[in-house]
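Below are the C-alpha cells for one structure; questions will follow.
Note that these values count all heavy atoms, side chains included, but never hydrogens, waters or copies made by symmetry.
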2 protein chains.
Amino acid sequence: MDLNVHDEMTCQVRDVLDRVGDKWTLNVVHQLRHGTRRFTDLKRGIDGISQRMLTVTLRALERDGLVARTVHPVVPPRVDYALTPMGQTLLKTAWELIEWAQTHADDIAGARRRYDSTAG
Amino acid sequence: MDLNVHDEMTCQVRDVLDRVGDKWTLNVVHQLRHGTRRFTDLKRGIDGISQRMLTVTLRALERDGLVARTVHPVVPPRVDYALTPMGQTLLKTAWELIEWAQTHADDIAGARRRYDSTAG
DNA sequence: CAGTATCCATCTGGATACTG
DNA sequence: CAGTATCCAGATGGATACTG
C-alpha cells in the first residue's frame, strides 16, 4: 500500500485518520463501549467537551455509520446513541494504538526531555 | 482506562494521537519502513509535502525518540533518517488502524452518501 | 433535554524567499 | 543538500446566547 496523498486509497485513509485524530471522537466512542448513552449523559462523562463539540462529533460519527442515533418522540426529548457493529470494530482497533501510547508514554516523555535539554 | 482530558493518562494519549493524527507523520514513518532515507529522498517519496512540513514532521518524530537523525559532516551535507526500535513498533501498531480504514472505506463512503442524501 | 446559531481566538500547514 | 524565516489562508474548536 502506498500512502501518497494523490492516490485514492490514501484519501480514504486520511478521512479515517482525520476522524479518529480529532479532539473528541475517540473519547465519545470510548464512552459508548458498554452500550447506549443519552446526550447529556455523554456530556457529563466527557470532561471539558462543549455542547457544540459533542453534537458535531456525534453527527460526524453518525454520518460515517459508526454511531446509531435514536430519537424517542417524547417530551422532554430523549435521544440515544450507540456504537454500530462497525463502530465497535473501530473501538477495538483504535484501542491498540491507545495502549501503544500508554506503553510508550514514559519513553516519549523522556526522549522529549533529552531533546529539549540538548537543543535548548 | 479513562480518556478524560483532565487525567494524566489522557494527556499522554492525546500527545500521541496528535502526533499520529497530523497530516504527514504516518506517511513519513511509512517511508522509513525499509530503512534509512535521506531528506530529499523522503521529500520525493511523499507527494505534496513541502520542505517546511517535512522538516517540522521529522523534527517532531526525532524529539519523540521515534526517528534517529544522523548528520554526516560532508559537503554537500548528508543527513540520514531512520526509525528507532520504538518508531518501528509505532509503525506496526498504527498500520492496523490503517488497515481498518482500508477495510471499512467503502462502508463509510456508503454511509456518508446515505446520510447526505437523506438529510440534505 | 437536546440541540442550533453566531462569533472569535488559536492552531495547522502551504507558499515563498533565503542560506551554510 | 538540507535546511531556516516569514507571512498568510483556512480549519478547528471554545464561549455564549437562544429554542422546540
Distance, rounded to the nearest Å, where A/D18 contributes CG and D/dG13 contributes P: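 The distance from CG of A/D18 to P of D/dG13 comes to 10 Å, rounded to the nearest Å.
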Side chain to side chain contact (heavy atoms under 4.5 Å, CB included) between A/V16 and B/I98, worked out: CA-CA 8 Å; A/V16 174; B/I98 289 176; over 6 Å; no
Sugar-phosphate only, base, or nothing, as touched by A/R52 at under 4.0 Å among non-hydrogen atoms: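 The answer is base, as A/R52 lies within the cut-off (heavy atoms under 4.0 Å) of a base atom.
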Complementary nucleotide of D/dT19, counting Watson-Crick and G-U pairs under 3.5 Å: C/dA2
Between C/dG13 (P) and B/M53 (CE): distance, integer Å: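 Rounded to the whole Å, the gap is 5 Å.
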Gap between atoms NE2 and P, on A/H72 and C/dG3 respectively (whole Å): 11 Å
Atom-to-atom span, CZ of A/R37 to P of C/dA2 - whole angstrom: 12 Å
Verdict with reasoning, B/R33 to B/L91, per side chain to side chain contact (heavy atoms under 4.5 Å, CB included): CA-CA 8 Å; B/R33 69 194 178 286; B/L91 175 61; 3.5 Å; yes
From CA spacing to verdict: side chain to side chain contact (heavy atoms under 4.5 Å, CB included), A/V29, A/L66: CA-CA 9 Å; A/V29 169; A/L66 297 164; 6.0 Å; no
Any B/R69 side-chain nitrogen or oxygen under 4.0 Å from OP1 or OP2 of D/dG3: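 Checking B/R69 against D/dG3: at least one side-chain N or O falls below 4.0 Å of OP1 or OP2.
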Any strand: nucleotide that pairs with D/dA9 via Watson-Crick or wobble, under 3.5 Å: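 Partner of D/dA9: C/dT12.
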Aromatic ring pairing A/H30/A/W95, orientation class (parallel under 30°, perpendicular over 60°, tilted between): parallel
Any A/T40 side-chain nitrogen or oxygen under 4.0 Å from OP1 or OP2 of C/dA2: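 Yes, within the criterion.
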Of B/D22 and A/P77, the one whose closest DNA chain C nucleotide lies more 5': A/P77
Any donor-acceptor pair under 3.5 Å from A/R37 side chain to A/Q31 backbone: yes
Rounded interatomic separation in angstrom, taking CG from B/L42 and P from D/dA2: 9 Å
Between P of C/dA2 and CD1 of A/I49, the distance in whole Å: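 Computing the A/I49:CD1 to C/dA2:P distance gives 14 Å.
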Atom pair distance, as rounded to whole Å: CZ in B/R59 and P in D/dA2: 12 Å
Any A/Y81 side-chain N or O less than 4.0 Å from OP1/OP2 of C/dC1: no
Phosphate OP1/OP2 of C/dG14: any B/K23 side-chain N/O under 4.0 Å: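 So the side chain of B/K23 is within the cut-off, an N or O lying under 4.0 Å from OP1 or OP2 of C/dG14.
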Between P of D/dG3 and CZ of B/F39, the distance in whole Å: 5 Å
